[in-house]
Each structure stands twice: as structure tokens, then as C-alpha cells.
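Have a look at the structure below, then the notes.
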Amino acid sequence: MSALTYPQSIVLGALQGVTELFPISSLGHSVLLPAWLGGSWEALVTEGDSDSGTPFLAFIVALHVATAVALLIYYVRDWVAIIGAFVTTVRTRSITTSTERLAWLIVVATIPVGVLGLLLEHPLRTLFATPLAAAIFLTVNGVVLAAGEVLRRRAAAAVEPAAVGAHTLPDRPSERPLGDLNYREAAGIGAIQSLALLAGISRSGVTMVGGLLRGLSHEDAAKFAFLLATPVILAAGVLKLPTLAGPQGEGMHGQILVGALVAGVAAYLSVKFLTRYFATRTLTPFAVYCLVVGVLSIIRFA
């Protein structure tokens, strides 16, 4: 993929860094944007053998690793505490603190998506990483986000109002603490992440919806989604990094470094923004965006 230019690597890096964490699907946008622009942009996606892997996908792997590193940096204090708590539980064979419980919730939630990713990532990528399929799944993503908010509001209406003085919004009831999740619920939320193997379905979006439906606040659902995404994205990227040393990465190592740097900075700024955004707001604007862009893309590529 020697035709990849530095401006293209910058645009794609910024796109990855933002859309991986915003609930609008990074893989879907990485397929749709080049298809909309056409010409040399579209050639980036289609070049190579889909069975053995394309140079474009190898480039995206590097961007994913940069995104995961940005998440690690942003949540470094949390991860130091979580890893330390995990080691403590292994040593003492007991779980006594909320951080220790969170550590095991992350472990349990990561297992389903890890197994399903190893089994299904390649066949799903081969079948559905096309502009029309990405457009359809992006529309579905919008429906999922909207449905999650509707169901959340209905649950809020059925719940007894919060105590006087509690921090609530009209459509956001007194919420369940993150540490109150049980392991079955964590596994279910983790399994939902597997939908992100379909180009157009957002990992953070569907994970957040899963958290909201279990009674988490938008803020805690977002944090749990970002914490869960970090080991999954990092592991998947590291496993595929060797492909960049082979023919797929030949002639674009400079572009890869530039794109990865941009992706990392964009991801860090995105998670910083979103953690504040979800303290007071909902998924609805992102649902509308996905529905509009998804439907327009279906019309364009049908």
C-alpha cells in the first residue's frame, strides 16, 4: 500500500482515534469514508487479498494499538489500582474491596469477546467489511443506541424517584453503582462487545447500552466500556502487529507512525471529552448521527 499518503494517514488516524471511542463505529467509518471519497481513497480499502489480509487492515491495526495506548495513559491510575487489586485477590484468594471486584468484572467481561473475536473476526471481516454492509450495520447501531435510551427512560419511569437532594436528571434515575454488577451481567456486557466485529457496530456504543440496561449511569457505563475496550483492542492489535513487518506493511512505515501518533492524540482527547459529556448527557445525538449517515450510505451504495 505504498500509495497511502501522509495526508491520508493523518485523516485516517484522526478518524480512528475519534470514532473508536465515540459510539459511532471506527471500523464502519474506516470503510465508509474511503468509499464515499472514491478514487485513491477507495483503493486503500480494496487493495490486497481479503483472505490473507489487506495492507489497509494492517494499517488500521497500528491505529488500534495507538488508541489502546491512549486509553491506558488516560486511565493509568485506574489500571495501576485494578492490576494491583487483581494481584491481591490472587494472593489472598478473596475479594474484599470495590476495586478488587471491578478487576474481576473486567476479567469476566473480557473472556467472551476474546473467545468470539478469535473465532469470528476473520470470517466476519471477510464477509461484511463492505460499504453497503457497513452502512446497514451503522444504521442498526443507531437503532440500538436509540432503543437503549428509550428502554432506559421506561426503566426510569418504573423506578421510585430518587431521594431529595440526589443528583438526577429528568430521564436519568438514581443509578446503580458499577461495583454492584454481578459476574453474569459483566459477562453479558462483555459478550455484547463482540457485535463490534461487524463493521458499523460501535464497541463503546453497544457496551454502554448493555451497561445502561443493567442500571448503570451514563458516566459509569462509559467508563466501564472504555476500561473493557482497552485490553481487547490492545491484545488484538499486538497479535497482528507482526503483519506490519511483512509485505502488508512494506513501503508505509512512515505513514503508519504518523497515523498512529495522530490516532493516539485523537483518542486521548476523545476519551477526555466523553467522560465529561456522559456525566450529564445521553447517547441520543449519536443515535441520530448513525441513523442519518447510515441511511444516506445505504442509498449511496445499494
Side-chain angles (χ1 to χ4, degrees), residues 20-21 23 64 67-120 144-145 148 151-152 155 159 167 172-197 201-238 267 271-272 274-275 277-279 282-283:
E20 181 66 48
L21 302 179
H64 275 75
T67 301
V69 170
L71 283 171
L72 282 172
I73 293 172
Y74 185 82
Y75 286 111
V76 62
R77 291 183 180 178
D78 294 88
W79 279 113
V80 169
I82 289 168
I83 294 171
F86 176 79
V87 172
T88 298
T89 63
V90 173
R91 187 177 66 250
T92 63
R93 298 184 181 180
S94 64
I95 299 174
T96 58
T97 69
S98 59
T99 305
E100 291 172 356
R101 182 172 177 78
L102 176 58
W104 278 98
L105 287 174
I106 291 173
V107 170
V108 171
T110 301
I111 292 172
V113 68
V115 173
L116 291 173
L118 289 173
L119 295 176
L120 300 177
V144 170
L145 299 184
L151 292 173
R152 182 72 173 128
V159 173
H167 173 69
R172 296 167 69 159
S174 55
E175 287 111 351
R176 185 180 179 190
L178 176 56
D180 194 43
L181 288 178
N182 61 48
Y183 296 117
R184 181 180 297 178
E185 290 171 321
I189 294 173
I192 290 174
Q193 283 192 91
S194 304
L195 293 174
L197 296 171
I201 301 295
S202 165
R203 181 190 312 277
S204 61
V206 294
T207 307
M208 274 197 68
V209 168
L212 291 175
L213 295 182
R214 301 316 305 163
L216 298 182
S217 68
H218 288 74
E219 188 175 13
D220 279 348
K223 181 176 181 178
F224 195 45
F226 297 148
L227 289 175
L228 289 183
T230 305
V232 174
I233 297 172
L234 185 61
V238 170
V271 69
K272 185 175 182 179
L274 289 171
T275 52
Y277 174 90
F278 285 121
T282 71
L283 289 165

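Remember, it's a predicted structure, so these values are computed and weren't measured experimentally.
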Minimum-distance pair of heavy atoms, taken over all atoms of Ile233 and Glu20 | CD1-OE2, 3.5 Å
Spacing of Thr230 atom OG1 and Leu234 atom CG [to the nearest 0.5 Å] = 8.0 Å
CG of Leu228 to OG of Ser204: how many Å apart, nearest 0.5 Å?
-> 11.5 Å
Between Val144 and Val206, which heavy-atom pair has the shortest distance, and what is it?
-> CG1-CG1, 4.2 Å
side-chain contact (heavy atoms from CB on, under 4.5 Å) between Leu105 and Asn182, worked out = CA-CA 8 Å; Leu105 287 174; Asn182 61 48; over 6 Å; no
To the nearest 0.5 Å, how far apart are OG in Ser202 and CD in Gln193?
-> 10.0 Å
List the steps, then state whether side-chain contact (heavy atoms from CB on, under 4.5 Å) holds for Tyr183 with Arg101.
-> CA-CA 9 Å; Tyr183 296 117; Arg101 182 172 177 78; 3.7 Å; yes
Going through the checks in order, is the side-chain contact (heavy atoms from CB on, under 4.5 Å) test met by Arg203 and Val232?
-> CA-CA 10 Å; Arg203 181 190 312 277; Val232 174; 3.4 Å; yes
Could you walk me through whether Thr92 and Glu100 pass the side-chain contact (heavy atoms from CB on, under 4.5 Å) test, one step at a time?
-> CA-CA 11 Å; Thr92 63; Glu100 291 172 356; 5.5 Å; no
Starting at CD1 of Ile106, measure out to CG of Leu227 and round the result to the nearest 0.5 Å.
-> 4.5 Å
Considering only heavy atoms from C-beta outward, does the side chain of Leu151 approach that of Leu212 to under 4.5 Å?
-> no
Minimum heavy-atom distance Ala186-Ala109, with the two atoms named | O-CB, 3.2 Å
Look at the rings of Phe226 and Tyr75 and say which category their plane angle falls in: under 30° parallel, 30 to 60° tilted, over 60° perpendicular.
-> tilted
Stepwise, does the side chain to side chain donor-acceptor pair (under 3.5 Å) test hold for Thr96 with Ser94?
-> CA-CA 6 Å; Thr96 58; Ser94 64; 5.2 Å; no
Validate the cation-pi geometry between Arg91 and Phe86: distance from NZ or CZ to the six-membered ring centre under 6.0 Å, angle to the ring axis within 45°.
-> no
Provide the closest heavy-atom pair for Arg214 versus Ile189 in the form atom of the first, atom of the second, distance.
-> CG-CD1, 4.2 Å
Grab the two heavy atoms, one from Pro23 and one from Gly205, that are nearest each other, plus how far apart they are.
-> CB-CA, 3.5 Å
Determine, for Asp220 against Arg176, whether the closest basic-nitrogen to carboxylate-oxygen distance falls under 4.0 angstrom.
-> no
Thr275 OG1 to Lys223 NZ distance, which is reported to the nearest 0.5 Å | 10.0 Å
Between the CE atom in Met208 and the OG1 atom in Thr282, the distance rounded to the nearest 0.5 Å is 9.0 Å
What are the two closest heavy atoms between Gly190 and Val113, and how far apart are they?
-> O-CB, 3.5 Å
